[in-house]
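Heads up, the thing below is written out as structure tokens.
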Amino acid sequence: MRKKSLSSLVLIFLLTSSFIFAEGKGEEAAKAGEPVTIELYWPWASELNHEAIKSIVERFENLNPDIKVQITLAGGYSLYEKLLTAYAGGEPPDLSAMIFTSQFAIRGVLRPLDDLFDASKSIKREDFFEASLRQATYGGKLYGVPCLEHGPQLALIGNKRLIQEAGLNLSDFPETWEDVWEWNNKLTVLDKAGNLDIVGYDPRSDVGGRNYMWEASYGIKCYDPEKEKYCWDDPAWVEILQYINRYYKKWGPERFDAFRKSNRDFFSPQSSIVTGKKALTVNGYFSAGKLALLVPDEEFHYSWIPVPESRRGVKVANLGCFSICIPQGTEHPKESFSFIEFLLSNEVLDITFDKCGFITATKPYIKHINKTRYPGFDFFINSLLKAAEIYPNSAGTDPLGKYSWDAWIRATEQVVFGKKTPEEATAELQKASMQELNKLLSSL
Amino acid sequence: MQRLLTSTREGAQRTKLGWLKKFKWRRLIKRVILYAFILSLSLLFALPLLWAISTSLKSEPQIMVAPPEWIPNPVLWRNYPEALTYVPFFRYIINTLIVAIPSVIGTLISCTVVAYGFSRIRWKFRNVFFFICICTMMLPLQVRMIPLFITFKHLGWLNTYLPLIVPSFFGSAYYIFLLRQFFMTIPVELSDAARIDGCLEAGILFRIILPLCKPVLAVVALFRLMLSWNNYMGPLIYLRDDKLWTVALGLTRYQTAYAGRSTWAYLMVGSVIATVPILVIFFLAQRTFIEGITLQGIKS
Amino acid sequence: MKHKGFPLRWTGSERRQFLKGILFISPWLMGFLAFTIYPAISSLYYSFTRYDVLRPPRFIGLANYADILFRDKLFRVVLYNTFYFVFLGVPAGIITAFLLANLLNKNIKFRPFFRTIFFIPAIIPVVASAMVWMWIYSPQYGLINAALARLGIQAIPWLSSPSLAKLSLIIIHCWAMGNTLIIFLAALQNIPSILYDAAKIDGANDWRQFWNITIPICTPAFLFTLLTGLIYSFQYFVFAWILTEGGPNDSTEFYAVYLYRNAFVYFKMGYASTLAWILFLIIVVITLTLFRTSGRWVHYGGEN
């Protein structure tokens, strides 16, 4: 009896494994005849985005029969798990899109791209906004090419209906944070149970809650790449926390959090700006398309993000998100780079815009793009031409990567829940960030 | 019985008819309360499925309405065919079954044998080994993931289903522990009697223990099936080719990034389609494992 | 355990039994050697290193342990949150599941249907459950607060309040106990109806039957659900990550959430491994204690 069960165990084992091996092998054999295969980690698993990249790859392979592109789908945080395990296994993908370039670059695992970039015939440095390239630069070297989804992220968006209902005038649209505060007080509506029903402005939601928005608005930094140090000790951060806390003191942190959870953040359904529950928000170019598609009957006003009183009238924009990087030591950097070049041609950028709604704001492309595709979209494109200051997305320049986002969120929460004063919170933030940074630098 | 007697005593003074009325009345109230309780509870438990079904039939703008609405208006049945052709979802279901079926078989075979060794045979250091076995559940996967990935890479198993299937043939602490607990409840006398009759240990396992443990075996099979069904991290890391993806990964293909068209309804179609097969299996199989065999007459 | 010497002073039958035992557990033993030992040892080694996965680990001795135990302020918060969740959530979850199992074991109409319904939370993709709970807990539109408003009670910020968020997650945890529920249902089937009949004749009421028959016979299942519940609750992750992301104000930053952030967001795999091994030690101590005491309260029909 025991022998029987053992042998059946072995049999089943062999059967299943042979079945699976057979499938795997068939594919290997098909690959053997191909010249060069490069692998791309595509950061979105969604089918819409997949369709786009599939058709792009098809075109590319037709033009370059000697190169084959293998698309590996991964999305969100999963991208990092997949990427890190691939690095640990010694086989990182030839091309991967990432936001936090410096977090990788500082560890020396990315290939500097300056040589390939300068030798390129189809893309030139002048084609990019300086801020875009700065996001992908670490220690003076370029480690990524802005690509896939890399656009202007800042505008103050107002719901025209709610503004009218509150008796406010679009001609007085807020320009400074004090203006926003005043508007907020007139726009915010509580329901009978005391919940926030309509919020004027929530300084911790959407892109408006991110540290890089405050950097652009105040003209400050949280990390200075030249000096290799954090700047959370800049008094402006205390001022910002005090400003945020004003809102939370007035309505209570729990009410705000509950409002956010009832209405969700912009990136999920029932976002308050979509449902008409929030009058003002700061968000990126992608909101124009999303709002136009989801709430076609509602009208929105798009304008420059608020600045502090001392900078009244300064028009600021921000640019950034993904860059494509090539790991150190891959076999086919040239072929990989040629695919990046292809991704940046206007024709291909049009496909990504059409199918995914993503843009890559290179100078030639914003001349070419259909600015009127969605109401408000033109504001974002024009902002890149009219802004006095364009800031990079500091996520790319910060060697601690998402650590700083989390630390910033933690600091603001400690302040709004009354656990720390703004001064204590920023001091703590500075100390902890510098400690982390020094540990990282000492390990190099 | 007891209650019946007391109520008879209470009702002794009244007419026979009055007693009957009172008795039924009490019983009825009890039943009504019981059913009302169960019904309201089951509503709470069915909510996510109802939500998923409702959302899966809505138009995208209706999904965005606050406060959320429960009744889809209009009812978009076409979301179903659209969503299921939009990504190759049936392919993912078949892939999942290709992973799940051998895994279930492997788990059943290996875990019963091992659990038998941990419960029905007395040997020295049994508890030490058993505790080591339990310990394997205690180290979080997140820190084991990378070395495990490297192991499978050296075996040349990446981009195949082997890393998802083979380990199940070597037992898993959770199921071993569960089976052990149930094996332990079977009287020793049964095995002893069989041993005296000259039965081998394997014979005892297959002829005596397993037939008595069908309910828990079915539970193990169900849990293992669910594990393959819901496993996200494993397929994500080991599979490169999206044609090999399983249901849990496949669902992510309905999650759109922030720009362009939103496909929340499709995601809910996927969730409903992913849930229903397991629910049906559960509904059909529960006769085996819940209404299953009891040890009547053996114990006492 | 008369003869302690291994294996020289064993009798022939002891040696035979030992080999027999090893033979039966050999599948697990092989798997342990092939797929468990190497990852475990590696992560133990990483815990003494600075390791970001991208570059080879560098040995730094006990620095990670010292950092976590003496300098990491967040670690204390995380530890508190985790113990709070485990010590409240595990018993609450088991009791809920056990009571529900008894309810579903009653002689009711459409029993298979109800049992299936109660199993839904355990199998539906987490996105759907997360959306539903987000709605249930919403102070503005939610189910609970709508009911409270009828009674004239002010809206409660379930997930939004640092003092309530953990409790809210524990309620979800109790609701999603489908697996435990099934195990108890299976265990309840093991009770011979003769026992109840005998008890009825002895004049025991429902409550006494429940207390003297049902619970003792289910103790092996209790031990199982308690231990595995502890082990998995110490590694609780999903809803804390999706619904609250560790907030508000770090009140739901649980052990596994913090560990995950360190490993895959901050690229501190060495630090995360240290966290993992500290957690491992905590769980081992608690489980070992439970195992030691289990002889007193777990009744196996088989042995003894």
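Just so we're on the same page: letters track the sequence lines, and every chain starts at 1.
- Both the backbone and the side chain of B:Leu41 come within contact range of chain C, with heavy atoms under 4.5 Å apart.
- Aromatic ring centres of B:Phe152 and C:Phe35: separated by under 6.0 Å.
- Of the two parts of C:Leu259, only the side chain, counted from C-beta on, holds a non-hydrogen atom closer than 4.5 Å to a non-hydrogen atom of chain B.
- Proximity to chain C (any heavy atom under 4.5 Å) is shown, for B:Phe129, by both the backbone and the side chain.
- Residue contact with chain C, scored on non-hydrogen atoms closer than 4.5 Å, involves the side chain of B:Leu251 exclusively.
- In this structure, B:Arg31 places its CZ atom where more than 12 heavy-atom neighbours from other residues, nucleotides or ligands lie under 6.0 Å away.
- Side-chain atoms of B:Tyr35 and C:Lys109, non-hydrogen and from C-beta on, do get closer than 4.5 Å to each other.
- C:Tyr51 touches chain B through its side chain: at least one heavy atom from C-beta onward sits under 4.5 Å away, while N, CA, C and O do not.
- Taking chain C as the reference chain and counting heavy-atom pairs below 4.5 Å, the highest number among B:Cys111, B:Pro167, B:Ala115 is found for B:Pro167.
- Using a 4.5 Å cut-off between heavy atoms, C:Val126 makes no contact with chain B at all.
- Of all heavy-atom pairs between C:Val132 and B:Trp51, the closest is CG2-CB, 3.3 Å.
- Counting heavy-atom pairs under 4.5 Å between each of C:Ile123, C:Leu275, C:Ile283 and chain B puts C:Ile123 at the top.
- Looking only at side-chain heavy atoms (C-beta outward), B:Phe131 and C:Thr287 come within less than 4.5 Å of each other.
- Highest contact tally toward chain C, considering only B:Ala173, B:Gly171, B:Gly117, is held by B:Gly117 [criterion: heavy-atom pairs under 4.5 Å].
- With a threshold of 4.5 angstrom between heavy atoms, B:Leu267 approaches chain C through side-chain atoms but not through N, CA, C or O.
- The side-chain heavy atoms of B:Pro48 and C:Trp133, taken from C-beta on, include no pair separated by under 4.5 Å.
- Interface remark: C:Phe234 contributes no atoms to any contact with chain B (heavy atom separation under 4.5 Å).
- For the atom pair CE of C:Met269 and CE of B:Met145, the computed distance is 6.5 Å after rounding to the nearest 0.5 Å.
- Residues C:Phe118 and B:Ser42 come closest through the heavy atom pair CE1-CB, 3.7 Å.
- Among the candidates B:Thr136, B:Leu139, B:Leu148, the residue making the largest number of heavy-atom pairs closer than 4.5 Å to chain C is B:Leu139.
- Applying a 4.5 Å heavy-atom cutoff, the residues of residues 272-279 of chain B that approach chain C are B:Thr275, B:Ile278, B:Leu279.
- Atom-to-atom distance recorded for C:Ile120:CD1 and B:Leu44:CG is 11.0 Å, nearest 0.5 angstrom.
- Here the straight-line distance linking atom CD of B:Gln142 with atom CZ of C:Phe237 works out to 6.0 Å at 0.5 Å rounding.
- Annotation: the span from B:Met138 atom CE to C:Leu227 atom CG amounts to 7.5 Å, rounded to 0.5 Å.
- For the pair C:Ile231 and B:Tyr174, the minimum side-chain heavy-atom distance is 4.5 Å or more.
- A heavy-atom distance below 4.5 Å is not found between the side chains of C:Met30 and B:Phe169.
- For C:Trp135, the part sitting under 4.5 Å from any heavy atom of chain B is the side chain, from C-beta outward, and nothing else.
- Most heavy-atom pairs under 4.5 Å with chain C: of the set B:Ala248, B:Cys133, B:Pro163, this distinction falls to B:Cys133.
- In this structure, B:Phe45 and C:Pro121 approach most closely via the heavy-atom pair CD2-CG, 3.4 Å.
- A heavy-atom distance below 4.5 Å is not found between the side chains of B:Pro140 and C:Tyr255.
- Remark: the backbone N or O of C:Pro220 is paired with a side-chain donor or acceptor of B:Gln181 at under 3.5 angstrom.
- Side-chain contact between B:Ser110 and C:Trp28 is absent, with no heavy atoms from C-beta onward closer than 4.5 Å.
- Contact record, B:Ala52 with C:Ile124: CB-CD1, 4.3 Å, taken as the closest heavy-atom pair.
- Heavy atoms of C:Asp197 lying under 4.5 Å from chain B are absent altogether.
- Of the listed residues (C:Ala34, C:Gly31, C:Pro39, C:Ala276), the one with the most heavy-atom contacts under 4.5 Å to chain B is C:Pro39.
- Nearest heavy-atom pair, C:Ile117 versus B:Ala46, reported as atom, atom and distance to 0.1 Å: CG2-CB, 4.0 Å.
- With rounding to the nearest 0.5 angstrom, the CD1 atom of B:Ile132 is 6.0 Å from the CZ atom of C:Phe32.
- When every heavy atom of C:Tyr300 is checked against every heavy atom of B:Met184, the shortest pair comes out as CD2-CB, 3.1 Å.
- Listed by first then second residue, pairs satisfying side chain to side chain donor-acceptor pair (under 3.5 Å) with a partner in residues 29-45 of chain C read C:Ser43-C:Trp277, not counting sequence neighbours.
- Both the backbone and the side chain of B:Phe177 come within less than 4.5 Å of a heavy atom of chain C.
- Proximity to chain C (any heavy atom under 4.5 Å) is shown, for B:Met137, by both the backbone and the side chain.
- Looking at heavy atoms from C-beta onward, C:Leu103 lies in side-chain contact with B:Phe37 at the 4.5 angstrom threshold.
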